[in-house]
Amino acid sequence: MRPVDVLVRAGELASAGEPFALATVVSVRRPASARRGDRAVVTAGGAVYGWVGGSCSEPTVVREALASLADGESRLVSTEGSCASEGAVEILVEPQLPAPLLAIVGE
């Protein structure tokens with residue numbers, strides 16, 4: 001998925017009122033498969049659209065994205081020490097939660 005496609009998917013989810021987390025690679029120590037600026041959207045169901053690294057990064061990002069959706073807090077995630085390549089990636093995970101709907105009935 002191209003970077004612009006990730007943002008299009010984020011826009012679709014936001015328009016539908018679906019919660020999701022936007023993950024952005026902010027730092028890379030080689031060797032690592034991700035590049036600074038790579039992005040992914042993680043849905044509340046754990047689906048990933050985009051790229052934030054390989055098999056050692058993605059499960060960590062999904063876990064932290066789901067936690068961020070639960071508590072509403074952004075977080076900086078590091079894969080240091082968890083990848084066979086011995087590279088490291090830092091990823092900013094930002095929850096995108098729909099605005100609460102409030103209905104007042106009566107006086």
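This chain uses plain numbering: 1 for the first residue, then up along the sequence.
When all heavy atoms are compared, the tightest approach of Pro19 to Leu97 is CB-CD2, 4.0 Å. Gly46 and Leu66 get closest at one heavy-atom pair: N-CD2, 4.2 Å. Contact record, Pro59 with Gly54: CD-O, 4.5 Å, taken as the closest heavy-atom pair. Across Ala23 and Val52, no two heavy atoms sit closer than the pair O-CG1, 3.8 Å. The two residues Phe20 and Leu13 come nearest to each other via the heavy atoms CD2-CB, 3.6 Å. Contact record, Gly17 with Pro98: O-CG, 3.3 Å, taken as the closest heavy-atom pair.
Residues in residues 15-31 take part in these salt bridge (charged side-chain N to carboxylate O under 4.0 Å, His left out) pairs, two or more places apart or across chains: Arg29-Glu80. The stretch residues 11-46 participates, sequence neighbours left out, in no disulfide bond (SG atoms under 2.5 Å apart) pair at all. Every pair tested for disulfide bond (SG atoms under 2.5 Å apart) that includes a residue from residues 24-54 fails, sequence neighbours excluded, so the list is empty. Among residue pairs with one or both ends in residues 13-67, those qualifying as disulfide bond (SG atoms under 2.5 Å apart) are Cys56-Cys83; sequence neighbours excluded. Listed by first and then second residue, the salt bridge (charged side-chain N to carboxylate O under 4.0 Å, His left out) pairs that reach into residues 58-74 are Glu64-Arg75, Asp71-Arg75, sequence neighbours excluded. A disulfide bond (SG atoms under 2.5 Å apart) check over residues 7-49, counting only residues at least two apart or in different chains, returns nothing.
Under a hydrophobic-cluster definition in which Ile, Leu, Val, Met, Phe, Trp and Tyr are linked whenever side-chain heavy atoms come within less than 4.5 Å, directly or via other members, Trp51 and Val42 are assigned to different clusters. The hydrophobic cluster containing Val25 also contains Val61, counting ILVMFWY residues as joined when their side-chain heavy atoms lie under 4.5 angstrom apart, directly or transitively. When hydrophobic clusters are built by joining Ile, Leu, Val, Met, Phe, Trp and Tyr residues whose side-chain heavy atoms come closer than 4.5 Å, directly or via intermediates, Val77 is grouped together with Val28. Under the 4.5 Å side-chain heavy-atom criterion for Ile, Leu, Val, Met, Phe, Trp and Tyr, Val93 and Val41 are members of distinct hydrophobic clusters. Residues Val62 and Val6 fall into different hydrophobic clusters, defined by Ile, Leu, Val, Met, Phe, Trp and Tyr side chains chained together at heavy-atom separations under 4.5 Å.
The side-chain contact (heavy atoms from CB on, under 4.5 Å) search around Ala47 returns Thr43, Tyr49, not counting sequence neighbours. Ser33 is linked by a side-chain hydrogen bond (donor to acceptor under 3.5 Å, both in side chains) to nothing, counting only residues two or more places apart in sequence or in another chain.
Distance check: Thr24 OG1 to Arg36 CZ gives 13.0 Å after rounding to the nearest 0.5 Å. The structure places CG of Asp38 at 9.5 Å from CD1 of Ile91, a figure rounded to the nearest 0.5 Å.
Leu76 belongs to a hydrophobic cluster with Val26, Leu92, counting contacts under 4.5 Å between side-chain heavy atoms of Ile, Leu, Val, Met, Phe, Trp and Tyr, direct or through other members.
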